[in-house]
Structures are given as structure tokens and as C-alpha cells.
Amino acid sequence: MKIMVTGGTGYIGSHTAIELIQAGHEVEILDNLFNSKESVLDKIAEIAGTRPVFYNCDLLDYAKVLEIFQNGKYDVVLHFAGLKAVGESVEQPVRYYENNITGTVNLLKAMQETGVSKIIFSSSATVYGDAGAILSEDSETGHGITNPYGQTKFMIEQILRDICVADSTFSATVLRYFNPVGNHPSGLIGEDPNGRPNNLMPIVMKVATGEIPELSIFGNDYPTEDGTCKRDYIHVVDLAKGHLAALEHMKPGFVPYNLGTGKATSVIEMVKAFEEAAGRPLPHKFAERRAGDLPELCANPAKAEKELGWKAEFTVADAMRDTLKFLGKE
Ligand code: WQD
């Protein structure tokens with residue numbers, strides 16, 4: 001199939017583009033390079049053998065997006081493009097709603113104008129808000145979301161639900177990621193955000209390289225075995241393969257899937273896993289809790305396994321190994 005990957009030079013988008021190309025699909029990428037680098041395209045070519053056609057384009061530029069779609073004649077869209085820093089979204093809500101919501105509406109308009117009726121949307125476990133620690137696709141969404149970033153993901157899901165009500169032939173597969181970690185086993189591409197990262201693993205990476213002196217662990221007084229928060233960390237290649245499985249099983253309607261391992265790992269356990277893989281200590285200290293953090297979040301991934309034939313295969317140890325390889329410090 002001919003596939004448009006928005007945000008395809010980003011962390012998850014680039015890993016997914018590789019899996020799509022290796023599966024024989026024709027991939028084109030639209031990205032504004034706000035949080036990625038054009039050089040990723042050469043890495044994709046080196047790994048997968050084909051350099052995707054690339055459009056340096058912002059989804060807020062509707063005229064340009066429409067022109068791309070008029071020429072592209074895509075079968076499916078995989079939509080990754082969006083701002084995703086939770087804390088930043090609290091400080092800059094209007095920027096996040098414009099970028100993520102208006103950008104997505106422009107994309108959906110261009111799809112409608114050019115007869116593209118299939119989308120796989122990069123959503124997030126954040127949409128579950130305070131629905132509990134172990135989450136399945138029928139867990140409540142939209143309640144207790146603590147930040148505009150998460151609200152944009154929930155609102156986009158609602159927009160997709162409404163389109164599916166209006167058009168019974170429209171296919172909206174929604175993939176709710178838990179915590180993506182790791183890098184491609186080749187070591188050629190990985191999580192490489194511009195600016196100061198917000199998530200645990202890119203911060204661990206900067207501590208490992210010395211750019212950040214030590215990791216602050218946000219709270220060790222949570223009701224968990226070691227007092228630190230637990231999350232479902234899923235290797236980015238497993239996540240990418242989940243998109244390929246979703247593509248191969250697309251059907252009309254709004255269809256959500258959790259992409260997680262079903263296993264929760266604490267921050268301390270992540271630190272120990274990195275130290276084990278690196279063979280040296282990772283400087284860290286305990287600090288105050290971070291506002292909005294929940295003690296535990298973990299996927300029930302049974303639906304994706306049953307309906308997509310997909311199950312996460314890589315472990316946290318694999319993710320640490322691949323992270324070190326990407327850092328060139330195996
Ligand atoms: C993980 C754990 C922190 C940094 C967010 C988004 C979610 C998704 C993934 C996009 C928490 C702790 C972190 C640090 C720490 N994003 N931590 N010190 O908050 O689970 O999820 O990112 O889809 O939508 O909500 O991920 O990596 O920020 O934090 O102790 O310097 O690591 O407290 O327990 P989170 P995270």
C-alpha cells in the first residue's frame with residue numbers, strides 16, 4: 001500500500017516507517033522537523049533500503065497539506081505528528097491545542113478531499129486519565145486527564161469516533177501507547193528529541209552521556225514495592241510492529257488497541273536495568289514527586305494479541321541494550 005506517515009522522522013514514526021518499508025509498502029513522510037532531524041531519512045534508507053519521499057511541511061499549512069494529498073493518492077495515513085511534552089502542554093495550552101487539534105483537523109480535511117478513508121492514530125494511555133492501574137480498551141477514557149497534551153489525544157479520538165458515525169466506511173484504528181523506550185537494534189536511529197527531554201529514558205540517556213549530572217527520581221514514597229512509580233515500558237520496535245499488525249487488520253469503524261507489554265516496571269528497576277546493561281552505576285537521587293504522576297499504569301494488551309496477532313517480544317533489558325548501542329556505548 002501507499003502510506004503517508006505524518007511525523008515520520010520522529011522517534012516512533014521513523015521506527016514504524018522502517019517496518020512498513022521492510023514489509024513492502026511505499027512510504028512517504030510529512031514532518032515539520034520541530035522535534036526531529038531530516039538526517040533520519042538517510043538512516044531509514046540505510047536500514048530499510050529505501051529513502052522515503054519527504055515533505056518538510058507543517059500540518060497547520062492546510063494548502064500545502066492538501067496539495068501533497070492531491071498528488072499522493074494514499075491508501076492509508078499513519079498519524080504521529082504532534083507535540084507531546086506533558087509539562088510543556090500545561091504551560092502552553094493554546095499552542096498544544098492549535099498544533100495537535102487544528103493540525104489533525106487539517107489532515108482529516110485533506111484526507112476527505114482526496115478520498116483517503118483509513119487512518120491509524122498515534123494515541124496514548126494518557127487518555128485513560130485516572131481510570132486505574134491496569135487498563136483495557138473498555139476502561140473509561142477522558143476522565144481525570146491532567147494536562148492539555150492528554151486532552152488533545154482524547155479529543156482527537158472523539159473526532160475520529162464522530163467521523164466513523166458520519167461515514168460507516170471510514171476506518172480509524174487508534175493505538176494507545178504506554179511508555180515507548182529503546183532504539184532500533186542497528187543502533188542507527190533512536191530517541192533523539194530536540195531540546196530538554198521530559199521522559200525517563202531520554203533523560204537517562206543524557207545522564208549516561210554526562211549532559212545531565214544525575215537522574216532525579218520523582219518520588220520514592222508511592223504505594224509500590226520500592227516506592228517508585230511503575231509504568232509499562234514497551235520497546236519502540238515492538239510498538240512499530242504493532243502498527244504493521246494494525247495496518248494488516250484494519251476494518252471500518254473506531255477501533256482502539258492498547259500497545260503495551262502487560263508488565264509494569266518501577267523507576268528504580270529501570271535504573272538497575274540500565275546499570276546492568278552499561279556495567280556501571282547511573283548517578284541518581286530521590287526528589288519530590290512530580291505533579292500528575294500516578295503510582296502505576298500498565299496495559300492489558302489482550303485485545304491486540306487476540307485481534308491483531310501482536311504481542312510485545314522485547315524486554316526492558318533489550319531496550320537498555322539497544323539504548324546503549326544507539327549511544328555508542330555498548
Ligand atoms: C515515567 C516515570 C516519572 C523523568 C508520559 C506521557 C505519556 C507518554 C509517555 C507520549 C514516571 C519518572 C521521569 C525523570 C523520573 N507520552 N521520571 N525522573 O509520565 O509515564 O508518560 O510519557 O505518548 O502520554 O504521559 O512517562 O517517562 O515522563 O515518566 O523519576 O527525570 O519516570 O515520575 O514515574 P509518563 P515519563
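Read the numbers this way: they start at 1 and go in the same order the structure lists the ligands and their atoms. The figures that follow rest on heavy atoms only: side chains count, while hydrogens, waters and symmetry mates do not.
Under the 4.5 Å side-chain contact rule for hydrophobic residues, Leu59 and Met155 share a cluster. Linking ILVMFWY side-chain heavy atoms closer than 4.5 Å, directly or via other members, places Trp310 and Val174 in two distinct hydrophobic clusters.
Note that Arg289 lies in the cation-pi zone of Tyr222, set by a 6.0 Å cut-off to the ring centre and a 45° limit from the axis.
As a member of the Ile/Leu/Val/Met/Phe/Trp/Tyr network built from side-chain separations under 4.5 Å, Tyr96 groups with Phe34, Leu83, Val86, Tyr149. Other cluster members for Tyr62: Leu66, joined by side-chain heavy-atom distances under 4.5 Å among Ile, Leu, Val, Met, Phe, Trp and Tyr.
For Gln70, there are no side chain to side chain donor-acceptor pair (under 3.5 Å) partners two or more places apart in sequence or in a different chain.
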For a distance cut-off of 3.5 Å, show me each N or O of ligand 1 paired with any protein N or O, plus the separation.
residue, atom, partner, partner atom, Å
ligand 1, 18 (N), Ser216, O, 2.8
ligand 1, 19 (O), Arg290, NH2, 2.8
ligand 1, 20 (O), Asn179, ND2, 3.0
ligand 1, 20 (O), Arg231, NE, 2.7
ligand 1, 22 (O), Asn199, ND2, 2.8
ligand 1, 23 (O), Tyr149, OH, 2.7
ligand 1, 24 (O), Ser124, OG, 2.8
ligand 1, 24 (O), Thr126, OG1, 2.4
ligand 1, 26 (O), Asn179, ND2, 3.1
ligand 1, 27 (O), Asn199, ND2, 3.4
ligand 1, 27 (O), Leu200, N, 2.7
ligand 1, 28 (O), Asn199, ND2, 3.2
ligand 1, 28 (O), Arg290, NH1, 3.2
ligand 1, 28 (O), Arg290, NH2, 3.0
ligand 1, 29 (O), Arg290, NH2, 3.3
ligand 1, 30 (O), Phe218, N, 2.9
ligand 1, 33 (O), Asp293, OD2, 2.6

